[in-house]
Amino acid sequence: MATLERQIFDFLGYQWAPILANFLHIIVVILGLFGTIQYRPRYIVVYTVWTAFWVAWNVFIICFYLEVGGLSKDTDLMTFNISIHRSWWREHGPGCVRRLVPTPANTNLGDHSFISVTGCMVDFQYLEVIHSSFQVFLSLVGFVYACYVISVFTDEEDSCRHK
């Protein structure tokens, strides 16, 4: 559910890289759940391996929004450099007041406009960091649970072979 919520806000902000990552994560979580229900440890192993990539992706997102290691939240990296969109939370965070700023007369922006955002209770980058941190926490819990389920399934297989 947390990934679906995140997917919605990434769609609203046209964040294409996170949209693709979230989509893959949803597919792998479904695969892992299917493997648990159908007693297929290989599917759960796929989920555990993916979880390592998912944690790494979310750590990258945290570093990106905190501007660690030369990363900048003001780049178009999350949109694959195909648009000027940014995080949806930048303009729509809790308490944010969004105002259109008049554009200079000699500027042709097409369908774009200047926007001023003030009064945010929490800056957008911290909301993104909170989302990613929560994803890391859920992934670590899922990883531990998946390892436990794999061990239970393999123990059951071993006990059946020795009887």
Side-chain angles (χ1 to χ4, degrees), residues 1-96 120-163:
M1 295 309 286
T3 305
L4 286 173
E5 177 265 341
R6 185 175 178 181
Q7 183 78 322
I8 290 167
F9 289 113
D10 288 339
F11 263 117
L12 290 172
Y14 300 102
Q15 301 279 321
W16 300 115
I19 287 169
L20 289 174
N22 293 336
F23 179 74
L24 287 173
H25 184 64
I26 291 167
I27 297 298
V28 173
V29 167
I30 291 170
L31 183 70
L33 290 172
F34 179 76
T36 302
I37 293 168
Q38 295 294 318
Y39 300 103
R40 309 245 176 147
R42 288 187 182 139
Y43 291 173
I44 304 169
V45 169
V46 169
Y47 170 79
T48 57
V49 170
W50 169 257
T51 300
F53 289 112
W54 186 245
V55 167
W57 168 255
N58 281 286
V59 168
F60 168 75
I61 295 291
I62 291 168
C63 293
F64 178 79
Y65 281 107
L66 294 179
E67 298 184 331
V68 174
L71 295 170
S72 173
K73 65 183 177 288
D74 294 323
T75 62
D76 294 328
L77 184 64
M78 293 299 164
T79 61
F80 294 132
N81 296 323
I82 58 174
S83 72
I84 60 170
H85 292 92
R86 301 284 189 268
S87 171
W88 184 82
W89 295 108
R90 181 179 282 229
E91 298 174 19
H92 302 94
C96 292
C120 297
M121 293 180 349
V122 179
D123 289 338
F124 78 95
Q125 65 265 23
Y126 299 120
L127 290 171
E128 293 286 357
V129 167
I130 290 167
H131 272 98
S132 290
S133 300
F134 187 62
Q135 291 291 325
V136 168
F137 171 74
L138 290 176
S139 295
L140 294 176
V141 169
F143 181 82
V144 169
Y145 176 72
C147 290
Y148 170 74
V149 170
I150 290 170
S151 70
V152 168
F153 285 178
T154 54
D155 287 346
E156 286 178 6
E157 287 179 8
D158 290 342
S159 66
C160 288
R161 288 183 189 155
H162 296 301
K163 287 185 180 182

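Atoms considered below: every heavy atom in the structure, side chains included; atoms not considered: hydrogens, waters and symmetry mates. As the structure is a prediction and not an experimental result, all values here were calculated from the model.
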Going through the checks in order, is the side-chain contact (heavy atoms from CB on, under 4.5 Å) test met by Tyr47 and Leu31? CA-CA 7 Å; Tyr47 170 79; Leu31 183 70; over 6 Å; no
Applying salt bridge (charged side-chain N to carboxylate O under 4.0 Å, His left out) as the test, list every pair that has at least one member in residues 33-62; sequence neighbours left out. none
Using a 4.5 Å cut-off on heavy atoms from C-beta on, say whether the side chain of Phe153 contacts that of Ile44. yes
How many angstroms lie between atom CD1 of Ile130 and atom CD1 of Ile62, to the nearest 0.5 angstrom? 10.5 Å
Indicate the atoms forming the closest heavy-atom contact of Leu127 with Pro94, along with that distance. CD1-CD, 3.5 Å
Please tell me if the side chains of Val152 and Tyr148 come closer than 4.5 Å, counting only heavy atoms from C-beta onward. yes
For residues 58-67, the salt bridge (charged side-chain N to carboxylate O under 4.0 Å, His left out) pairs (sequence neighbours left out) are Glu67-Lys73
Mind checking whether Leu33 and Tyr43 have side chains closer than 4.5 Å, heavy atoms only? no
Quick one, Tyr65 and Phe124 - any side-chain contact, counting heavy atoms below 4.5 Å? yes
Using a cut-off of 6.0 Å, state whether more than 12 heavy atoms not belonging to Phe134 lie near its atom CZ. no
Can we call the ring centroids of Trp57 and Phe60 under 6.0 Å apart? yes
Can you measure from CG (Leu4) to NE2 (His25) and round to the nearest 0.5 angstrom? 9.5 Å
Result block: side-chain N/O donor-acceptor pairs under 3.5 angstrom for residues 135-146, not counting sequence neighbours:
unit_1 : atom_1 : unit_2 : atom_2 : d
Gln135 : OE1    : Thr3   : OG1    : 3.3
Gln135 : OE1    : Trp54  : NE1    : 3.2
Ser139 : OG     : Trp54  : NE1    : 3.4
Ser139 : OG     : Gln135 : O      : 2.8

Rounded to the nearest 0.5 Å, what separates atom CD in Gln15 from atom CD in Glu128? 6.5 Å
Run Trp50 and Val29 through side-chain contact (heavy atoms from CB on, under 4.5 Å) and show every step you take. CA-CA 9 Å; Trp50 169 257; Val29 167; 5.8 Å; no
Would you say that Ser132 contacts Arg6 through its side chain, given a criterion of any heavy-atom pair below 4.5 Å between the two side chains? yes
Rounded to the nearest 0.5 Å, how far apart are CD1 of Ile8 and CG of Asn22? 10.5 Å
Could you check Val45, Thr36, Asp155 and say which one makes a side-chain contact (heavy atoms from CB on, under 4.5 Å) with Ile150? Val45
Decide yes or no for His131 and Glu5: does some side-chain heavy atom of the first lie under 4.5 Å from some side-chain heavy atom of the second? yes
Ile61 CD1 to Leu66 CG distance, which is reported to the nearest 0.5 Å: 11.0 Å
